[in-house]
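The structure appears right after this line, and notes come after that.
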Amino acid sequence: MSPHTRDSLSAHLLDEILAGRIASGTKLPPERELARRFGLSRPIVREVLRGLAERGFVEILPSRGTYVREAQASDGARSLDTSYRRRNTTVRELTEARSMLETRAAALAATDATEAEVAAMRRCLDDLKITTYVLEQARLDLAFHALVVHASHNTVLESMYASITTLTFELMLRSLSDRQVRQAGTPQHEPIWEAIRDHDAAAAAEAMRLHLEAAKDLYGPDLDRGVDQVAQRELQRMLGPAASLEGLLEEVSRRQAAFIRAPSARPQ
């Protein structure tokens with residue numbers, strides 16, 4: 001075998017993973033074996049594996065080894081989320097983007113959703129109906145919309161949605177805290193679900209459009225304010241001046257991931 005370098009080993013392993021020749025969940029050979037096979041030192045091999053881990057392609061488990069990670073819709077979303085925040089994304093911009101993305105996702109979900117996915121959406125809405133705590137309402141609202149996007153079975157749409165998930169949750173805090181907005185938007189969940197259940201793509205897209213645009217005329221001056229600014233104001237109003245979005249968003253992300261991984265069960 002021709003001599004390898006750190007970069008060529010990294011490129012080789014990455015190519016094997018991306019091509020699917022090394023499947024998700026597969027344990028890679030130990031450092032010692034990779035070093036012998038590619039004629040490199042163990043420190044260099046260790047550096048290559050750490051680099052792949054930092055990029056999200058593998059997971060290094062102490063005392064167990066290195067495993068290929070399954071691709072997640074949220075991969076890469078954090079850097080985009082940071083970019084949106086640095087550019088002070090407004091409520092108007094987020095609402096317009098969601099309308100374009102989620103109306104198409106709803107139409108695809110009406111065509112491609114599985115029975116389990118439709119049932120998971122139903123459980124979400126049933127729980128949302130009986131929940132009175134705004135933070136929990138926002139979590140369930142977000143779960144419903146994420147399930148619709150997931151049921152589109154379009155990995156690009158799902159990754160795009162993952163990049164605005166936390167901003168969307170923040171906007172939901174604003175919507176659900178406002179009685180007028182809540183009364184205008186929440187009832188539209190049912191037509192969305194019914195259209196997806198009935199495999200009516202046009203009706204699903206229209207119901208989603210009406211749902212997302214229902215609150216647009218009711219946001220007032222908040223429409224052109226930054227999403228972060230509006231959300232922090234609502235959170236502090238609910239929980240006090242010391243309230244922070246950071247910890248809350250971490251919990252939302254964890255529960256959201258659990259919901260998508262196991263649509264047949266409620267997240268804990």
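In this chain, residues are counted from 1 in sequence order.
- Nearest heavy atom pair, residue A107 against residue A205, reads CB-CB, 4.2 Å.
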Yes or no on side chain to side chain contact (heavy atoms under 4.5 Å, CB included) for Q137 and L128, after CA distance, side-chain angles and deciding distance? CA-CA 6 Å; Q137 287 175 340; L128 183 55; 3.9 Å; yes
Is there a side chain to side chain contact (heavy atoms under 4.5 Å, CB included) between E170 and L94 once you walk through the steps? CA-CA 11 Å; E170 292 178 31; L94 180 59; over 6 Å; no
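- Between the CE atom of M160 and the CZ atom of R98 there is a distance of 13.5 Å, given to the nearest 0.5 Å.
- Residue M100 is not grouped with residue L157 when hydrophobic side chains (ILVMFWY) are merged at heavy-atom distances under 4.5 angstrom, including chains of intermediate members.
- Taking the ring-ring contact (aromatic ring centres under 6.0 Å, His included) definition, one finds that H199 meets it with nothing, sequence neighbours left out.
- The number of heavy-atom neighbours closer than 6.0 Å to CZ of R104, taken from other residues, nucleotides and ligands shown, is 12 or below.
- Between L135 and L173, the closest side-chain pair of non-hydrogen atoms falls below 4.5 Å.
- Counting only residues at least two apart or in different chains, salt bridge (Lys or Arg N to Asp or Glu O under 4.0 Å) contacts with residues 106-116 are absent.
- Side-chain contact between D15 and R21 is present, with heavy atoms from C-beta onward closer than 4.5 Å.
- Put simply, CD1 on I44 and CG on L9 are 9.5 Å apart, with the number rounded to the nearest 0.5 Å.
- Annotation: the span from E93 atom CD to D224 atom CG amounts to 8.5 Å, rounded to 0.5 Å.
- Using bins of under 30°, 30° to 60° and over 60° for the plane-to-plane angle, the ring pair H189/H211 lands in the tilted bin.
- The hydrophobic clustering, which links ILVMFWY residues whose side-chain heavy atoms are closer than 4.5 Å, places V134 and I130 apart.
- With salt bridges taken as basic N to acidic carboxylate O contacts below 4.0 Å, one links R122 and D126.
- Atom CG of L108 is separated from atom CD1 of I196 by 10.0 Å, given to the nearest 0.5 angstrom.
- The distance from the CD atom of E31 to the CZ atom of R46 is 4.0 Å, given to the nearest 0.5 Å.
- Side-chain contact between T131 and R139 is absent, with no heavy-atom pair separated by less than 4.5 Å.
- The environment of CD in E33 is crowded: more than 12 heavy-atom neighbours from other residues, nucleotides or ligands sit within 6.0 Å.
- At least one side-chain heavy atom of R174 sits under 4.5 Å from a side-chain heavy atom of V181.
- The environment of CZ in R179 is sparse: at most 12 heavy-atom neighbours from other residues, nucleotides or ligands sit within 6.0 Å.
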Dump the intermediate steps for side chain to side chain contact (heavy atoms under 4.5 Å, CB included) on L171 and V230, then the final yes or no. CA-CA 8 Å; L171 185 57; V230 171; 5.8 Å; no
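- Between the NE2 atom of H145 and the OG1 atom of T165 there is a distance of 11.5 Å, given to the nearest 0.5 Å.
- Counting only heavy atoms from C-beta outward, the side chains of W193 and L147 never approach each other to under 4.5 Å.
- There is no path of hydrophobic side-chain contacts, each under 4.5 Å, that joins V58 to Y67.
- Using a 4.0 Å cut-off between charged side-chain N and carboxylate O, R64 and E59 make no salt bridge.
- T168 has its side chain within reach of Y161: a pair of non-hydrogen atoms, C-beta onward, lies under 4.5 Å apart.
- Between R50 and E47 there is no salt bridge, since no side-chain nitrogen of the basic residue lies less than 4.0 Å from a carboxylate oxygen of the acidic one.
- Looking at F144 and I192, their side chains come closer than 4.5 Å, going by heavy atoms from C-beta outward.
- Ionic pairing of E194 and R197 is not present here: no N-O contact between side-chain nitrogen and carboxylate oxygen is shorter than 4.0 angstrom.
- A 4.5 Å side-chain heavy-atom check between L61 and K27 finds every atom pair outside the cut-off.
- Under a hydrophobic clustering in which Ile, Leu, Val, Met, Phe, Trp and Tyr are joined whenever their side-chain heavy atoms come within less than 4.5 Å, directly or via other members, L210 and V149 fall into different clusters.
- Looking at L167, T166, I164, N88 one by one, the single match for side-chain contact (heavy atoms from CB on, under 4.5 Å) with V227 turns out to be L167.
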Show your reasoning for whether side chain to side chain contact (heavy atoms under 4.5 Å, CB included) applies to R69 and I17. CA-CA 9 Å; R69 282 186 67 245; I17 292 170; over 6 Å; no
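- Heavy atoms only, all atoms of each residue included: L218 and D178 are closest at O-OD2, 4.5 Å.
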